[in-house]
Amino acid sequence: MDILEDGFRARRQLLKLASAMMLPSGLVACSSEKKSESLVVGGLPVTCNLTLPVACAAKAADSAAAKQPAQPLGFEYSKYSGFPELKESLMAGRIQAAYVLAPMVMDLVSSNIPVKVVSLGHRSGAVIMVRTDAGYKHFRDLQGKRVAIPSRFAVDLLFLRKMLLAEGMSIKDVELVEMPPPDMPAALYAKAIDAYCTGEPFGAAAQMAGYATPLRMTRNEWPNYICCVLTVREDLIAKNRQAVQDLVNYVQAAGTWMDADPAHRDRAIAIAATKKYFNQDPKILKFVMTNPSDRVTYGDLRIIPKEFDELMQMSLDAGTLKKPVQFSQYVDDSFFKAVRPVAITL
């Protein structure tokens with residue numbers, strides 16, 4: 001396989017080390033797949049996905065207020081702890097929609113998996129964390145060190161490559177480890193890894209606990225960064241286009257609502273922290289939302305072809321995408337263009 005493949009350490013060995021450590025409170029995640037009359041949307045408990053719990057809760061609240069079943073469908077959140085499992089469920093059709101890594105969608109489409117991106121879910125929100133006692137200030141300090149990423153398809157990897165390049169380094173200068181984001185704080189604490197790059201709140205969890213600090217944040221280095229995108233199977237589009245439009249309407253409205261007022265973010269935190277959604281400590285989510293307030297943003301969820309083209313080229317350069325994929329092959333922006341305002345009444 002390629003150099004990137006060779007650079008990944010055995011995931012099982014590292015997870016064994018990480019499992020010896022107690023995860024910080026509120027970060028134990030699980031996956032679920034169950035039959036539902038609602039449109040089940042898969043996602044990870046990361047703040048890049050925070051518009052999804054808000055959209056689900058808002059849709060349920062509107063249906064309850066109308067005292068009738070959700071039309072055309074309600075939304076149901078299904079939590080996963082890692083992107084590989086989420087991807088497999090989407091490929092197999094066990095779920096019809098999910099928040100998936102943008103380069104992963106490009107790779108699926110290049111392999112003739114019938115899926116389409118229909119909305120962004122966030123901007124910014126990724127961090128590269130190191131141990132506080134390590135004293136690392138520059139990427140030169142990570143020479144030969146073990147750095148965890150969620151997936152080789154994660155935009156986090158592209159962020160890491162971008163930062164290494166800025167200091168005249170390459171991905172060959174570090175040892176990459178694939179690891180589910182919920183396992184990363186414990187692995188850093190156990191010194192099974194030397195750094196990790198992922199979406200929040202898994203950087204904030206270690207920072208709040210006092211043993212880690214951000215080396216770099218996308219808010220400073222790549223403000224228009226996009227990672228997780230709402231993706232649906234094409235058969236869902238064919239069978240129930242109205243339901244896809246409704247989901248996009250609520251996701252877009254959730255993003256606008258969350259960035260309109262700090263009180264809305266507090267409400268979003270209260271919803272996402274529950275067992276029904278992320279099952280996390282609300283104090284950690286609050287830390288992400290306020291330290292600083294643009295650590296992750298949701299108000300600009302425009303689909304901009306140029307930004308996806310840039311991600312595709314970076315993925316090609318990284319070797320995680322084997323061939324170019326045209327924007328129109330993996331994105332259906334007709335739903336975004338047809339978005340209708342939804343009043344979030346949570």
Side-chain angles (χ1 to χ4, degrees), residues 26-34 36 38-60 73-105 108 115-126 150-151 153-156 180-184 198-202 205 225-233 236 243-244 246-255 258 268-280 284-285 288-289 296-298 301:
L27 287 182
V28 178
C30 61
S31 65
S32 63
E33 294 169 357
K34 55 185 179 181
S36 172
S38 300
L39 173 55
V40 178
V41 188
L44 269 63
V46 293
T47 48
C48 296
N49 289 192
L50 193 54
T51 45
L52 181 54
V54 173
C56 292
K59 180 69 177 180
L73 290 173
F75 312 142
E76 182 177 325
Y77 174 76
S78 182
K79 186 171 65 178
Y80 288 76
S81 60
F83 286 109
E85 298 86 352
L86 180 60
K87 181 183 75 171
E88 289 172 7
S89 287
L90 187 64
M91 289 174 61
R94 291 192 291 271
I95 55 175
Q96 298 293 304
Y99 273 41
V100 185
L101 302 164
M104 184 176 280
V105 181
L108 288 174
V115 294
K116 283 284 194 298
V117 174
V118 293
S119 177
L120 301 193
H122 74 103
R123 286 187 184 273
S124 194
S151 161
F153 296 105
V155 189
D156 308 273
D183 295 332
M184 293 179 181
T198 191
E200 295 287 10
F202 301 106
Y225 172 97
I226 55 176
C227 182
C228 295
V229 290
L230 175 60
T231 305
V232 302
R233 288 183 58 87
L236 176 65
V244 177
D246 195 41
L247 177 61
V248 172
N249 290 346
Y250 272 89
V251 166
Q252 290 279 331
M258 287 169 59
I269 290 168
I271 291 168
T274 62
K275 291 183 179 180
K276 186 175 183 180
Y277 297 108
F278 291 0
N279 191 25
Q280 291 173 341
I284 295 176
L285 295 174
V288 175
M289 294 292 108
V296 54
T297 62
Y298 308 95
L301 301 184

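Note: hydrogens, waters and symmetry copies are ignored here, and every other heavy atom, side chains too, is used.
Smallest separation of non-hydrogen atoms from Val155 and Pro103: CG2-CD, 3.5 Å. Annotation for Pro150 and Thr198: closest pair CG-OG1, 3.5 Å, computed over non-hydrogen atoms. The two residues Cys48 and Ser124 have their closest heavy-atom pair at SG-O, 4.2 Å. Residues Ala126 and Asp156 approach most closely at CB-OD1, 3.7 Å, considering heavy atoms. Closest heavy-atom contact between Phe83 and Leu44: CE1-CD2, 3.6 Å. Shortest non-hydrogen contact noted between Gln280 and Pro201 is OE1-CG, 3.4 Å.
Interatomic distance, CG of Leu301 versus CZ of Arg123, reported as 7.5 Å (0.5 Å rounding). Taking CG of Leu101 as the start and NZ of Lys87 as the end, the distance is 10.0 Å to the nearest 0.5 Å. Taking CD1 of Ile226 as the start and NE2 of His122 as the end, the distance is 7.5 Å to the nearest 0.5 Å. Atoms OG and OH, on Ser119 and Tyr99 in that order, are 6.0 Å from each other to the nearest 0.5 Å. Taken from CG in Leu236 to OG1 in Thr231, the straight-line distance is 12.0 Å, to the nearest 0.5 Å. Between the CG atom of Leu50 and the CG atom of Leu285 there is a distance of 7.0 Å, given to the nearest 0.5 Å.
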**Message:** Evaluate Leu120 against Thr51 for side chain to side chain contact (heavy atoms under 4.5 Å, CB included), listing each step before the verdict.
**Reply:** CA-CA 10 Å; Leu120 301 193; Thr51 45; over 6 Å; no
**Message:** What verdict does the side chain to side chain contact (heavy atoms under 4.5 Å, CB included) test give for Tyr298 and Thr47, after you've listed the backbone C-alpha separation in whole Å, the side-chain angles of each residue and the deciding distance to 0.1 Å?
**Reply:** CA-CA 10 Å; Tyr298 308 95; Thr47 48; 3.6 Å; yes
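Val288 places none of its side-chain heavy atoms less than 4.5 Å from the side chain of Ile269. Side-chain contact between Val296 and Glu200 is absent, with no heavy atoms from C-beta onward closer than 4.5 Å. Side-chain contact check for Tyr277 versus Pro45: every heavy-atom pair is 4.5 Å or farther apart. Leu73 has its side chain out of reach of Asp246: every pair of non-hydrogen atoms, C-beta onward, lies at least 4.5 Å apart. Contact of the Ile95 side chain with the Tyr80 side chain is registered, since non-hydrogen atoms from C-beta on lie closer than 4.5 Å. In this structure the side chain of Pro53 never reaches within 4.5 angstrom of the side chain of Lys276, judged on heavy atoms. The shortest side-chain heavy-atom distance between Val100 and Phe153 does not fall under the 4.5 Å cut-off. The side-chain heavy atoms of Asn279 and Lys79, taken from C-beta on, include a pair separated by under 4.5 Å.
In this structure a side-chain-to-backbone donor-acceptor pair under 3.5 Å is present from Thr274 to Ile271.
Partner of Val41 under the side-chain contact (heavy atoms from CB on, under 4.5 Å) criterion, chosen from Val232, Leu247, Val251, Asn49: Leu247.
The aromatic rings of Phe75 and Tyr250 lie perpendicular to each other, with more than 60° between the two planes, well past the 30° mark.
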